[in-house]
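Please read the structure below before turning to the comments.
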Amino acid sequence: VQLRGEIAAIGDEKARATMTAALARAVELLRTGEVEQALALMKKLQEALRGAGRSADEAQPARVLPLWSAARDTTGEQIGKLQAQLRQSGLPLFERIADKGLNGVTDGQLTGMQAALMDYEAAAGPAREAAREKLRAAIAAMRGFLSSNPVLPLLDANPFGVEVTIRASLGGALDAIDAAITA
């Protein structure tokens, strides 16, 4: 309730929308019993709220890295659970798939996205717009990957009963980030 009030008090509509989406994700994680992930996301949200309190003279790029990190952590944990199931299968093909992990599944897309996010958050002055464009390109590349990679739907519907939400979790984070950086 306190976080909701603090978010409502933010004057920047885009930052408010981003933080509202992050809070909704934290509530969703709590409902599904993923308490540690929900708490981690709420902590990152509180950090972002502290940054939102700066004056216009101290304007910083929106803190978008915590939104991405929370989604990546969620999907990483899901893939970890699936990897354990794949390894227990005893089938060499499944074991090879399990050895790839989340970075292997995403074909290195996570690295490019992470770099663009870090550059954006570190940018100041005239470099900020260039960093924003680089981040927009990384978002577009990640969206393309999420919508076209044939492995992702198979992970979502895995026969082991492990919840995997790579497309939904990362896609939701991309939506929130895109909203936050839109000028």
Side-chain angles (χ1 to χ4, degrees), residues 3 6-8 10-26 28-29 37 40-79 100-153 155-156 164-183:
L3 282 177
E6 289 179 35
I7 291 170
I10 295 173
D12 182 344
E13 184 179 332
K14 292 174 188 126
R16 190 173 54 246
T18 299
M19 292 184 191
T20 299
L23 182 59
R25 176 67 181 141
E28 178 186 328
L29 289 168
Q37 294 161 348
L41 179 54
M42 284 192 279
K43 181 179 178 185
K44 291 174 184 175
L45 186 56
Q46 286 174 326
E47 291 169 3
L49 278 167
R50 280 192 292 272
R54 293 186 175 107
S55 70
D57 294 337
E58 303 175 79
Q60 297 289 321
R63 296 274 308 154
V64 291
L65 190 54
L67 298 170
W68 180 254
S69 295
R72 196 186 71 214
D73 291 349
T74 296
T75 57
E77 288 177 23
Q78 292 170 347
I79 292 295
K100 288 188 171 195
L102 183 56
N103 283 330
V105 168
T106 60
D107 294 330
Q109 290 287 327
L110 292 177
T111 304
M113 188 68 197
Q114 187 82 14
L117 285 161
M118 292 170 64
D119 288 348
Y120 175 76
E121 288 199 349
R128 185 176 298 166
E129 188 55 36
R132 183 184 340 267
E133 291 309 312
K134 179 181 174 186
L135 181 53
R136 283 188 176 128
I139 289 170
M142 182 59 76
R143 284 189 199 282
F145 171 79
L146 293 175
S147 67
S148 67
N149 185 284
V151 174
L152 298 181
L155 295 175
D156 286 348
V164 177
T165 60
I166 292 175
R167 294 180 299 168
S169 295
L170 296 182
L174 292 174
D175 292 344
I177 292 166
D178 202 21
I181 67 168
T182 300

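Numbers here are sequence positions counted from 1.
- Note that CE of Met113 and CD1 of Ile139 are 4.5 Å apart. Values are rounded to the nearest 0.5 Å.
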The test is side-chain contact (heavy atoms from CB on, under 4.5 Å); show your working for Arg128 and Ile181 and say whether it passes. CA-CA 10 Å; Arg128 185 176 298 166; Ile181 67 168; over 6 Å; no
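- Here the CD-CD1 distance, from Glu77 to Ile79, works out to 11.5 Å after rounding to the nearest 0.5 Å.
- Asp156 contributes atom CG, which lies 7.0 Å from atom CD1 of Ile166 (distance to the nearest 0.5 angstrom).
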Decide side-chain contact (heavy atoms from CB on, under 4.5 Å) for Thr74 and Arg25; before the verdict, give the C-alpha distance in whole Å, the side-chain angles of both, and the deciding distance to 0.1 Å. CA-CA 11 Å; Thr74 296; Arg25 176 67 181 141; 3.2 Å; yes
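- Nearest heavy-atom pair across Arg143 and Asp175 is NH1-OD1, 2.8 Å.
- Every side-chain hydrogen bond (donor to acceptor under 3.5 Å, both in side chains) that Asp119 has, sequence neighbours left out, goes to Lys134.
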Check the pair Val151, Lys100 against side-chain contact (heavy atoms from CB on, under 4.5 Å), reporting the backbone distance first and the verdict last. CA-CA 12 Å; Val151 174; Lys100 288 188 171 195; over 6 Å; no
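- A side chain to side chain contact (heavy atoms under 4.5 Å, CB included) with Thr75 is found for one member of Leu110, Leu170, Val164, Leu155 and no other, namely Leu170.
- Heavy-atom minimum distance, Ala131 versus Tyr120: CB-CA, 3.7 Å.
- The two atoms that bring Ala176 and Leu67 nearest to each other are CB-CD1, 4.0 Å, heavy atoms only.
- Across all non-hydrogen atoms, the minimal contact from Ala22 to Leu41 is O-CD2, 3.3 Å.
- Between the side chain of Glu121 and the backbone N or O of Leu65, at least one donor-acceptor pair lies under 3.5 Å.
- Atoms CZ and OG, on Arg167 and Ser147 in that order, are 9.5 Å from each other to the nearest 0.5 Å.
- Once rounded to the nearest 0.5 Å, the distance linking CZ of Arg136 with CD1 of Ile177 reads 13.0 Å.
- Ser169 meets the side-chain hydrogen bond (donor to acceptor under 3.5 Å, both in side chains) test with Thr165; sequence neighbours excluded.
- Minimum interatomic distance between Ala138 and Gly112 (heavy atoms only, all atoms of both residues): CB-O, 4.3 Å.
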